[in-house]
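All residue numbers in this chain count up from 1 along the given sequence.
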Amino acid sequence: MKNTVLSKLRNLDAYPKVNEDFFTRSLSGGIITLVSSLAILLLVFSEFRLYLHTVTETKLLVDTSRGETFRINFDVTFPAIPCSILSVDAMDISGEQHLDIKHDIIKKRINTNGDVIESKPDGIGAPKIEKPLQRHGGRLEQNETYCGSCFGAEQSDDDCCNSCEEVRDAYRRKGWAMTNADLIDQCKREGFFERIKEQEGEGCNVHGSLEVNRVAGNFHFAPGKTFHQSNIFFDDLMSVHKDSYNISHRINRLAFGEYFPGVVNPLDGGHWTHETSNGMYQYFIKVVPTIYTDIRGRTVKSNQYSVTEHFKDLEYISPNSQPGVFFYYDFSPIKDLIRVQKLIHLNGD
């Protein structure tokens, strides 16, 4: 029974063959068969590619969005500025300022060869030694609460500065530079300035992100903490500065918003070498709000940007101005809508 079924299956032929007495094999016939088969394969492949092919449709609209925030992602390397004095500041036209930002920022100490020495979240800390100096002038005793002096920068009688960072912050709020660094007990105990001298000759890689208002503003990398005085921005470590700072830098990545396919960040991989005295390198960036929709309908709100660059040699402009790398950004009033869809669907519409 089984052999009978198999025999019938073997003899089953939906296309009965012509008796060999009624056809003749020839070279031309074989060539036509091969060419026809190849043409069929090419047509199938071409239609499959057409089915998979996508097109990008771009539309420009007036941007009416207000009151939003956006994220700036950066990764910048300074081969000649140590991490101990490098700070990140941000401010915008609404008056909001963020000075010496530490949240969501990682600093990596690097040597002259670019190798990483140490990597840690931003911030300088050190263990306290016994009996620090109290605000009233005596040393801390047992069962006594520590309240360090702000060295004249207190805003009220109850203010305490218990670390070098807190003294620096108090000075910055007053608009003072730390010209009396050797008299500040907290900084001496924590070895703050020894750490600065120890890291001389090193570089720093700083990467992270900033959450800022969606209005025109700037962020910058500079030695020391920034403070404002007479409409000019200075840094608080003027007393321990060298004659000049080498602000050579490499921008490994700079993006305004989330990544989406096809985005081009013109500053990625950019490198600038500083060969003169103290300088201020400025990037003027025009940010274009962008909404990207992929082939599956998923939407990414991001930004594209264009940039121009400018260098100021502070030796010939204002010797007391702050050296550093500054990014000034403003928003375009036009929004770019990018939509990716299949060509077959587009033709169908």
Side-chain angles (χ1 to χ4, degrees), residues 61-76 78 86-107 122-123 168-169 171-175 206-236 247 249 251 253-259 263 265-268 270 279-291 300-312 314 317-318 321-336:
L61 298 176
V62 175
D63 183 23
T64 58
S65 57
R66 295 291 183 273
E68 299 178 356
T69 61
F70 75 106
R71 185 172 291 272
I72 302 174
N73 302 299
F74 58 85
D75 183 346
V76 185
F78 294 86
L86 186 65
S87 67
V88 183
D89 306 317
M91 52 203 72
D92 59 44
I93 59 172
S94 69
E96 187 167 328
Q97 297 185 12
H98 302 277
L99 304 180
D100 195 27
I101 302 170
K102 292 180 169 59
H103 184 63
D104 290 336
I105 292 178
I106 301 293
K107 288 182 178 178
D122 192 15
R168 294 177 68 197
D169 288 336
Y171 268 53
R172 179 179 51 79
R173 287 192 294 267
K174 285 284 189 178
V206 54
H207 67 275
S209 61
L210 304 173
E211 189 79 22
V212 297
N213 295 322
R214 201 165 171 272
V215 296
N218 79 83
F219 66 99
H220 58 265
F221 304 87
K225 287 190 177 184
T226 300
F227 67 90
H228 186 261
Q229 188 180 79
S230 302
N231 296 320
I232 301 175
F233 287 94
F234 297 91
D235 64 86
D236 72 330
I247 61 169
H249 59 280
I251 301 175
R253 179 172 181 257
L254 179 64
F256 290 78
E258 297 182 38
Y259 169 83
V263 65
N265 297 318
L267 286 177
D268 286 4
M280 177 187 295
Y281 204 84
Q282 300 170 309
Y283 295 94
F284 297 93
I285 298 171
K286 179 65 73 172
V287 180
V288 181
T290 303
I291 298 179
V300 177
K301 290 185 178 181
S302 188
N303 301 279
Q304 304 175 79
Y305 67 90
S306 59
V307 61
T308 57
E309 307 172 24
H310 180 66
F311 174 72
K312 286 184 178 180
L314 301 182
I317 300 176
S318 176
S321 295
Q322 184 183 27
V325 179
F326 293 73
F327 297 85
Y328 299 90
Y329 57 87
D330 195 4
F331 283 86
S332 168
I334 302 299
K335 178 189 297 184
D336 188 8

Using modelled atom types and a 3.5 Å cut-off, is there a donor and acceptor pairing between side-chain atoms of [X] and backbone atoms of [Y]?
X: Thr64; Y: Val62; result: no
X: Ser87; Y: Ala222; result: yes
X: Ser332; Y: Val288; result: no
X: Asn303; Y: Phe256; result: yes

What closest approach, in Å, do [X] and [Y] show between heavy atoms, and which atom pair accounts for it?
X: Ser302; Y: Gly257; value: OG-C, 3.5 Å
X: Gly324; Y: Ile247; value: O-CD1, 3.6 Å
X: Val206; Y: Phe74; value: O-CD1, 3.9 Å

Could you state the interatomic distance from [atom1] ([X]) to [atom2] ([Y]), rounded to the nearest 0.5 Å?
X: Asn218; Y: Ile285; atom1: CG; atom2: CD1; value: 10.0 Å
X: Ser209; Y: His103; atom1: OG; atom2: NE2; value: 7.5 Å
X: Leu267; Y: Ser306; atom1: CG; atom2: OG; value: 10.0 Å
X: Lys286; Y: Ile334; atom1: NZ; atom2: CD1; value: 10.5 Å
X: Leu210; Y: Asp104; atom1: CG; atom2: CG; value: 8.5 Å
X: Met91; Y: His98; atom1: CE; atom2: NE2; value: 9.5 Å

Partner set under salt bridge (Lys or Arg N to Asp or Glu O under 4.0 Å) for Asp63, not counting sequence neighbours = Arg214, Lys335

Identify, with sequence neighbours excluded, every residue that meets salt bridge (Lys or Arg N to Asp or Glu O under 4.0 Å) alongside Lys301.
-> none

Partner residues of [X] under the ring-ring contact (aromatic ring centres under 6.0 Å, His included) criterion, sequence neighbours left out:
X: Phe284; answer: Tyr328
X: Phe70; answer: Tyr329, Phe331
X: Tyr281; answer: His249, Trp272, Tyr283
X: Phe219; answer: Phe327

Quick one: do Ile72 and Leu254 satisfy side-chain contact (heavy atoms from CB on, under 4.5 Å)? Show the steps, please.
-> CA-CA 7 Å; Ile72 302 174; Leu254 179 64; 4.0 Å; yes

Option among Ile105, Ile106, Val76 that satisfies the side chain to side chain contact (heavy atoms under 4.5 Å, CB included) test with His207 | Ile106

Less than 4.5 Å apart, any side-chain heavy atom of Asp92 and any of Val212?
-> no

